[in-house]
Engineer: 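Dropping a structure here in structure tokens format, bear with me for questions.
To find a chain, count down the sequence lines: A is the first, B the second, and so on, and within it residues start at 1.
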Amino acid sequence: MRYLPLTPDDRQQMLGVIGAKSMDDLFVDVPEAARPANGKFDEAFDLPPHQGELEVDRALSAMAAKNTSAGSVPFFVGAGAYKHHVPASVDHLIQRSEFLTSYTPYQPEISQGTLQYLFEFQTQVALLTGMDVANASMYDGSTACSEAVQMAHRVTRRNKAVLSGNLHPHYRAVIETTSKFAGDAVEALEANVSGKEDIASQIDGDTSCVVVQYPDFFGLIGDLADIAAAAHAQGALLIVAIPEIVSMGALRTPGDMGADIVVAEGQSIGNALNYGGPYVGLFATRQKYVRQMPGRLCGETEDVDGKRGYVLTLSTREQHIRREKATSNICTNSGLCCLAFTIHLALLGEKGFTRLAALNHESACKLAGALEAVSGVELLTPAFFNEFTIRTPKPAAEVIEALADKGVLGGVPASRLMPGNDAVSDLIIVAATEVNTDQDRAAYAAALTEVLS
Amino acid sequence: MRYLPLTPDDRQQMLGVIGAKSMDDLFVDVPEAARPANGKFDEAFDLPPHQGELEVDRALSAMAAKNTSAGSVPFFVGAGAYKHHVPASVDHLIQRSEFLTSYTPYQPEISQGTLQYLFEFQTQVALLTGMDVANASMYDGSTACSEAVQMAHRVTRRNKAVLSGNLHPHYRAVIETTSKFAGDAVEALEANVSGKEDIASQIDGDTSCVVVQYPDFFGLIGDLADIAAAAHAQGALLIVAIPEIVSMGALRTPGDMGADIVVAEGQSIGNALNYGGPYVGLFATRQKYVRQMPGRLCGETEDVDGKRGYVLTLSTREQHIRREKATSNICTNSGLCCLAFTIHLALLGEKGFTRLAALNHESACKLAGALEAVSGVELLTPAFFNEFTIRTPKPAAEVIEALADKGVLGGVPASRLMPGNDAVSDLIIVAATEVNTDQDRAAYAAALTEVLS
Amino acid sequence: HEEQLIFERGRDAACGVDLPAPDSVATRLGGMERNGSVGLPGLSEPEVVRHFVRLSQKNYAIDAGFYPLGSCTMKHNPRLNEKMARLPGFSDVHPLQPTSTVPGALELMSELARWLMELTGMPAVAMSPKAGAHGELCGLMAIRAALEARGEAGTRTRVLVPESAHGTNPATAAACGFTVDAIPATEDGRVDLAAFEAKLGDDVAGIMLTNPNTCGLFERDIRKIADAVHEHGGYFYCDGANFNAIVGRVKPGDLGVDAMHINLHKTFSTPHGGGGPGAGPVVLSEALAPFAPLPYVTSTGGELKLVEDEQSSDADPFGRMVAFHGQMGMFVRALSYMMSHGSDGLRQVAEDAVLNANYVLASLKDVMTASFEGPCMHEALFDDRFLKGTGVETLDFAKAMIDEGYHPMTVYFPLVVHGAMLIEPTETESKETLDEFIGCMADLARSAKAGDKARFENAPELTPRRRLDETTAARKPVLRWTPPAPAQAAE
Amino acid sequence: HEEQLIFERGRDAACGVDLPAPDSVATRLGGMERNGSVGLPGLSEPEVVRHFVRLSQKNYAIDAGFYPLGSCTMKHNPRLNEKMARLPGFSDVHPLQPTSTVPGALELMSELARWLMELTGMPAVAMSPKAGAHGELCGLMAIRAALEARGEAGTRTRVLVPESAHGTNPATAAACGFTVDAIPATEDGRVDLAAFEAKLGDDVAGIMLTNPNTCGLFERDIRKIADAVHEHGGYFYCDGANFNAIVGRVKPGDLGVDAMHINLHKTFSTPHGGGGPGAGPVVLSEALAPFAPLPYVTSTGGELKLVEDEQSSDADPFGRMVAFHGQMGMFVRALSYMMSHGSDGLRQVAEDAVLNANYVLASLKDVMTASFEGPCMHEALFDDRFLKGTGVETLDFAKAMIDEGYHPMTVYFPLVVHGAMLIEPTETESKETLDEFIGCMADLARSAKAGDKARFENAPELTPRRRLDETTAARKPVLRWTPPAPAQAAE
């Protein structure tokens, strides 16, 4: 087997040193019930034997070829994950052995590479969100959001979260699941494509936090200052979830508007769609809450020679020290994905990032114009970044399938994420990014016209 | 422009330090005739302006998509370049910055990585060919072969080469071109698919070398000991060219049979087809001729602390020292391609390399059996490694085109490489390797049956 | 060269990408335009590439050297897996595009699930957890959901966790609303069966046990423990972090396990990536399977279907743990790894991992102090008794290894022995490498005993940084770059 | 860790690939089976990966630091180009598959040819040469073929080459059957026009001139030289190694050039790869175009055709220089680079390259000795006069740079100045990097002048190896590993 260096000779010699007669001697503690009859391991597993690279490559390539990749068609699917162009150098750099095959930087003397990029990452996330500090990433946007709710509970010593109805239904579900088992309360409003909801009236003295999405699930953007004020008036925190971090190149930051915790899905920068994972959750907050943050943190310090260096810090928050009293059970970050994020954003810089945002908005504006012009289609989102919602005269799920048959992946039917909610059955959430061309947009409008006619 | 770090401010500051008013001041020596009217450079070039990654990627991907890649069809094209499976780790490793973006190892203290793999490469090539020593690679098999002829002239102080008629026509053409301008003589025999040719009678006291191919252009393998003896009897050298180095995992080596110089195309190990380049020329010879070798050589030595290390050596043979008296004008090797070769062969090792050869031979035997069974097809090669020649009842070039229309790339019509030679117009040179499956072979036989019916 | 931060190096006008200028389309931002600049530095592509290449050169990695980090399974990461994960059909598909356009993605998830179930002997697997700890959470949620279905969630609130457990175990139990009750270990490094049995009762939701345990030992009584828990109405969560020791040889299902997470980034070699991303699918017993979270893939008559919501589910999913479907990129790598090994290769993985660990244990037990008698599984545990009186601490010993070219072993874990040194060689190290390592460790041990304290106290000396001041870092945390104050900037 | 050779590490039974066992098909090897083993070492994949990762860590590279190696144009190598070259439509196509199945390959070659012709202002280009020196050979062969067509090949046998030329120039002329006649340089580092004119005559085949020349200077009289050569019936071969200084600003066609090779691995950034592969297409004037070698791509009415043999050619190809069609992999990278820059970006490349060189020249001319007056092109040439009396040689100075984290500049070339130090920063270095470099060079120069010989004589000290014994290496060459003698092996 190509990955196993020991030869039969090696094994015999080593058994001799150990003083064992056979491999079985080393597994002597395994109970009888868990040993295969007559030691016939092969029969115990209904699995094929080892295969060469060529054979594995063929089998997996055949599987992959059955999927329609985003780059091969006019593509407008968003709702929490976005198709962007990632520069080739990003993937090259994250595959460097020293990044790819290293462990968590617990030995800082030989991990300054990882630690320094984490420090750069934290700074970038703080800048993008308009917050003081950020952690070294979470699994993804949805789990970051749920962790934010838990953190708000710790900070406020309350345990009720109020969720905007236009929070991504998956994010809501993750919060509800976590809260259910932790014994916390969740009040979630109804979805409303107009964005009109009275959150303020839901906030009371038991409320630890209000969670809103920006741009919201339907793509709508609006000022959060009033919600922040309403939350703060009751001693609650405002948590803002950003599904599309590229929007921060064009929009006012949640930090600007009074958010206490900002979480985001960072996939758009540096990371592929990957059918949903791995992604990278961004998590930022105000300085004063730093010791209640979940997840890894990298901090600056000096070595014994007085040279600047970086270490993982504030680990007394974490499970490997605090065990059941930790701020979270989390033990991994999304290391390589945040490296990809950091590199891509370093390449973009101020000029590139703001321009990328402008191009995304432009692409969406052009698409909105094209789809609005299709007979029967209604644009429901007056202000948006790179995603908006349309109403179609036919059920959205059917429209999307019909478009797919025509080779256009036209967005997400709201009903897929809000099953059973009749009010959204004719809504499609449509995303556009810098990768879409005029031809893509024209193809969408033409296909939609056909489907609806 | 993303690759250019200087900002407009930087440029102004730097011009100030230099004491120049503008960029034009630095190009003051350019004659008037070579300056565009009114300094309008953009108009002087009929070329587009800079483009982003996404745009370049799209344009080149569209071009690439017009080609039928070897991996996408039943593929049997050889005649000097072969489709093999290269392990994924090879391409990963050769893309490491420290290999990819370093220069020729003229500063050995900071180039031990390159130098050590060259030393390993030279050893591998010597082992494969059965020779004493090898150089650090040439451009490809054909130029290596031509350099071998030049070297034989230097060694023997004669200037006539005798070429087997079954030497790859391209190799022959390269030798003839080089020789023509250098004022050397070439006698080339007629191609003969049976392999029967009387080279011995062509060798005389003016002959510096005999060049034969092994396996020959038609895939045939035969003992070279008699030719070696005949050459040596006249004081000439035997040069053996190996188009498919994988064959050395199954066949007797030229070194074993008395060759004085062995050249080979090394593409099959570690390198992609690349539509013909870059490839890697292998060049091996006997110890006594080492100072007449062309190309780079890496040698073992010690540093001032007595530690083993490697350096480029015997550079007094080379152009940068000897100028017009150099053994060759060559100044580059095929560095990264020989790294790929070295890594792939290290992965294969004795067991893998010999098994790979066995699988190639098996694949060709199975294919020969399948094609022999097609009505009207005649197998002309009684002994072969992974390539053989068939005769078809229709012109070979038409057969190949018709097969291509059916999605089978069935080999090389001999007429493509020997235009005007009527004797070969119905011959197809067919190669098979480990990548061909039973389905591939069946598809070929079926398509050929149709084409010939 | 000291490597500056990108923020210290960038210039406003520089940029590492070329993007076309936007057309002048009327914006529809509704007045929410950003105020002022983001504050990101501008760098050209060559500067960015060099910066990150240089940073990488400050890291140790399994590709560059031996990494015997106990409990982390730092094995070789095949590049074929990276190549497969980057096939556009896997990497460039969106989690919410119509499922009719991604049959291959469902097939991949289903096929990986099949391997995981077969290897563990379990009837179900929840694929979506994003890491080991996330998988633990999933398992405990399933247990709690099962208890709820039995109407016992309110009364069964205690979870038993051995002292030697990973910190994630108690942290997870707490996050799931349970109280944690520690079980002591015996002299031979295993669960104290009598103490354990004494703790069983009607309020026990279950036990979280690592097997092989964190001392590197197989829990001999695991079947008895499982049976006892089950008899008392509880469930058995098995921490699968050490599955590498038994994969292909022992099915956790045969040991009475109800739930076990599998770290794809350990046993199945998806790269650690400097701390993630991982993936932590959880296999489940018949008892817990109905409660597996959304989403999941089902097969009816060979047709694969993605179930994303309760309405479409025939079971009782306890909820949802993540947006979308889990770590697809890691799934591809893991399946590529499994297919490459096959069942024969995976068994050999476990055997070689255990053999390597025992070889290290046998070769070093005379110069260091092995914590327990008898053969170990895939980790060899030592403690600091051999350093007694030398003035050298476990940490110093670990740091001295760095100067010898090795990543240290895991230190001070598990907590059940003093000054623990936990060595996990994995199966992808050759005997030659182990022999060199053993030689080095023996030399260090002799050196410590001979009183050469300086070799340890000052270590490491050959690294990009020497020992760092972690205390100040934690006391006055500096967690981001901030622009220098104007006065300093003018200097 | 000392890194052993793979031959010293391998074991017979180990293997880094898994290949299926061959079926027992009857072989058809005709009795030519190999006798005995090859002698290759067996290693598992993890061992191979680690070996080559570790080797790489002993190398310096442009990705990791400044590489001011004169005449080599060590610029940034964009990864986009690597990605494009690996598209299966380019990398996985065979040179002899039917041309009807590779229209995109012909399009790529044709498009690259168009860029090269437009940038050089020349009407034709031979694409197949595999490197710069190979391109030189192609150019001289074309000249010789043209002379032959004129019936003057027998009489015009002398080629004029300036003293400052790259060694490849005279070596190439000799390989092509010409005799070489050296032209001296003037005080200001350029061709001595009078001396040159004196050498012209009926036996002159042409001149080989590098422009900008190897002293980093533009040959002011280049137009006069070209005209004079032409008047005397010869041809003008221009060595295009330094094209980076003028790309997008000056067309060699406007300077009277008849042939010029273009190092795609310099100006157009295909990676140097530790010494290759390169690519050296040659642009040709009307006079030489008909003699361009096989194969080539032609366009008739928009349809591209690959001409591979004389029979199919409308012209007079002088022959063939390589099997197949040239360095396709490099073509893709170069075109990707050109398209990314566009004509505006390429002009900026030249300007920034020249600006960076002049900035280094201006900043260091007071502490080192600039060899010539006035602005340079993309290289700054210094000589060792500033080291006079210090006991420090150019080589020592270069080696001391290594300990400061820099790759040395080119030393002892060109030969026309004493102890030459040729610095080519390229356009992809930032002002910050140049400022740091300038500071370091100034510090070294001061150090040498202050008598700190040890800093130079002992350098480098921080490298994987210190200075190596090249004399013994050449005197008793050891060019391959050989197994230890049995007696030693038994030790």
Engineer: In plain terms, say whether A:E109 and C:R466 are close enough for a salt bridge, that is, a side-chain N and a carboxylate O under 4.0 Å apart.
Structural biologist: no
Engineer: Identify, with sequence neighbours excluded, every residue that meets salt bridge (charged side-chain N to carboxylate O under 4.0 Å, His left out) alongside C:D309.
Structural biologist: none
Engineer: Out of A:Q51, A:H50, A:R2, which residue meets the side chain to side chain donor-acceptor pair (under 3.5 Å) rule with C:S340?
Structural biologist: A:R2
Engineer: Taking the side chain as C-beta and beyond, is there a heavy-atom pair between A:F45 and C:D344 under 4.5 Å?
Structural biologist: no
Engineer: Should C:R86 and A:D91 count as an ion pair when the cut-off is N to O under 4.0 Å?
Structural biologist: yes
Engineer: Under 3.5 Å, is there a donor-acceptor pair linking the side chains of A:E401 and C:S100?
Structural biologist: yes
Engineer: Dump the intermediate steps for salt bridge (Lys or Arg N to Asp or Glu O under 4.0 Å) on C:R347 and A:D42, then the final yes or no.
Structural biologist: CA-CA 9 Å; C:R347 186 174 70 249; A:D42 285 336; 3.1 Å; yes
Engineer: Where does C:M141 contact chain A at under 4.5 Å (heavy atoms): side chain, backbone, both or neither?
Structural biologist: both
Engineer: Just do the ring pair (Phe, Tyr, Trp, His ring centres under 6.0 Å) check on A:H170 and C:F324 with the steps written out, would you?
Structural biologist: CA-CA 8 Å; A:H170 284 171; C:F324 315 130; 5.5 Å; yes
Engineer: Just to verify, which of C:D63, C:N59, C:V53, C:L55 counts as forming a side chain to side chain contact (heavy atoms under 4.5 Å, CB included) with A:E98?
Structural biologist: C:N59
Engineer: Do you know which of A:T354, A:V174, A:T143 has the most heavy-atom pairs under 4.5 Å to chain C?
Structural biologist: A:V174
Engineer: Against chain C, work out which of A:L100, A:V311, A:I18 has the most heavy-atom pairs shorter than 4.5 Å and name it.
Structural biologist: A:L100
